[in-house]
Amino acid sequence: HTAPGSRQQVQGGERRAQPATGASPARETRAPFRFDYERFRRSLRHPVRGRRAGEDPETRARRMKIKEMMKFAWDNYKQYALGKNELRPLTKNGHIGNMFGGLRGATVVDALDTLYIMELEEEFQEAKTWVEKSFDLNVNGEASLFEVNIRYIGGLLAAYYLTGEEVFKSKALELGEKLLPAFNTPTGIPRGVINLGRQDTRSLFSPCSGMSWSWGWASAGSSILAEFGTLHLEFLHLSELSGNPVFAEKASPSHFVLNRVEKPQGLYPNFLSPVTGSWVQHHVSIGGLGDSFYEYLIKSWLMSDKKDSEAKKMYDDALEAIEKHLVKKSAGGLTYIAEWRGGILDHKMGHLACFSGGMIALGAEHAGGERRQHYMDLAAEITSTCHESYTRSDTKLGPEAFRFDAGTEAMATRLSERYYILRPEVVESYMYLWRLTHHPKYRQWGWEVVKALEKHCRVEAGFSGIRDVYTTTPTHDNMQQSFFLAETLKYLYLLFCEDDVLSLDDWVFNTEAHPLPVNHTNFEH
Ligand code: DMJ
């Protein structure tokens, strides 16, 4: 038995639907494709918001505190910045930025599923109403394919799967279509920037519509590993929901190209040419520029109900190479993952790289025998190192990057790396390690973060990043990032929930913490 709309069916084109893009409609008069939402809900192993059994009062109180923080973050965004992308909590206004190509409401879309899971019903309705009435997709501007995908497409897909509200599905599909021209390259590897201008016939009046190009700062017109490698989860679900295989097809060439290209020591450099399919530079990082590529390999396999063996093998091989060449132990006994520049190690770990504790634990859970324990230990050690980067600061929040050289251990050495912008990666790893080991230290560490956020980041009108984690009187950066609501607060909340709330049996989290369902293939109802 395969689940309705399971990936195998979509890719095989057995249930070809009215195409969402491009191709002319099929001649035979089949009923238009409709995703069977009720059937999908029956395929889940657990109620999405859990059963609330067996919890102690302290855990509940802590969870309620995090819910209060979410309400505070949302209420202030709504009051001062609704419809802008982020809240500026000190100046009490909105920020638009230039990542989303004219799209607005990044915080609304990023917050939807967190509001829903926390049972902030009224606030969820406010967010939904904004999406229904004010979320305009007819924009014309340069957007990051990656950011639009992980925040908007991921946020809308998760909101649809959690609630069954059609508006989220239709917006996700409409926006997904606008991203497709980015894939028109000789290799099929997309470029990083896309113009979201109209792509119908009227677009003839706008010469840039649907065009894509590479980031000006990326070497020689290259595409970035963490960007083109972080599309699979969302694009497979776009095909799942539309019945149109085009999205899944667009997302697959990257694995083909990456499998074929020679990898230095088995490692994946961060920059690749979408024209030739060759590496442009030999810089390898499990942090920024590389990070979520690795994450999406293991999660593609999990989301496919463990059918996508190609992704699993790529993950296993990559992790083996990372462990062999990049994982190091400091003089003080801390395990960390270094960066690699053409064979030379840079003994630095970014805050972004701290997601890897959670990822390695998630992969270990499914590794056999000794390898399971080995990778669990590695995941725990890395997470502990990231915790050290927090405890060694005066604020108990971690810096953007920390180093292991010249006697330094797990601390930033450069002024430019001392900031904390409400990032989630460390608490993300605490959440996975808690779920997979139930060691109480992860809840303790998460609670330390809650207290530090309250003390140093909470201001009169929201939460703000800070410019220096090594002073107890930090300056605020005046920005409440949308991922604080999507990820940081969601992972903290889940850390104090029972395991059946967004159970790992049913869901994989995209890299912005938006839950996407596993395509259960042994579903019989
Ligand atoms: C988020 O947008 C995502 O987690 C992404 O993968 C990395 N950066 C931010 C949060 O730090």
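Quick note: residue numbers are just sequence positions, from 1. Start at 1 and go down the list; that is how both ligands and their atoms are numbered. Not measured: the values here are computed from a predicted model.
- Judged by a 6.0 Å distance limit and a 45° cone about the ring axis, R151 is not positioned over the six-membered ring of F100.
- Not a single heavy atom of H351 sits closer than 4.0 Å to an atom of ligand 1.
- Taking every heavy atom of both residues into account, D113 and A158 meet most closely at OD2-CB, 3.4 Å.
- The closest approach between any non-hydrogen atom of I421 and ligand 1 is not below 4.0 Å.
- Neither the backbone nor the side chain of Q481 comes within 4.0 Å of ligand 1, counting heavy atoms alone.
- Ranking the protein heavy atoms by distance from atom 9 (C) of ligand 1 puts F483 CD2, 3.8 Å first.
- Under 4.0 angstrom from ligand 1, the non-hydrogen atoms of R151 all belong to its side chain.
- Geometrically, ligand 1 and T511 share a nitrogen or oxygen pair separated by less than 3.5 Å.
- Closest of all the heavy-atom pairs between Y315 and Y294 is CD1-O, 3.7 Å.
- Side chains of F247 and E177 form a contact here, defined as non-hydrogen atoms less than 4.5 Å apart.
- Backbone and side-chain nitrogen or oxygen atoms of S292 are examined, and none is located within less than 3.5 angstrom of a nitrogen or oxygen of ligand 1.
- For ligand 1, the atoms closer than 4.0 angstrom to any heavy atom of L352 are 7 (C), 8 (N), 11 (O).
- The distance criterion of under 3.5 Å between nitrogen or oxygen atoms is met by E487 with respect to ligand 1.
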Yes or no on ring-ring contact (aromatic ring centres under 6.0 Å, His included) for Y390 and H351, after CA distance, side-chain angles and deciding distance? CA-CA 10 Å; Y390 276 47; H351 193 289; 5.7 Å; yes
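- Taking atom 2 (O) of ligand 1 as the reference point, the nearest protein heavy-atom neighbour is E512 OE1, 2.5 Å.
- Both tests hold for R49 against Y116: distance to the six-membered ring centre under 6.0 Å, angle to the ring axis within 45°.
- Residue contacts with ligand 1 for P424 involve side-chain atoms from C-beta outward but no N, CA, C or O (heavy atoms, distance under 4.0 Å).
- Using bins of under 30°, 30° to 60° and over 60° for the plane-to-plane angle, the ring pair Y161/W507 lands in the perpendicular bin.
- Nearest protein neighbour of atom 10 (C) of ligand 1, counting heavy atoms only, is E425 OE2, 3.2 Å.
- Neither the backbone nor the side chain of T230 has a heavy atom within less than 4.0 Å of ligand 1.
- In this structure, the side chains of D346 and R403 come closer than 4.5 Å at one or more pairs of heavy atoms.
- No more than 12 heavy-atom neighbours from other residues, nucleotides or ligands sit within 6.0 angstrom of CG on N98.
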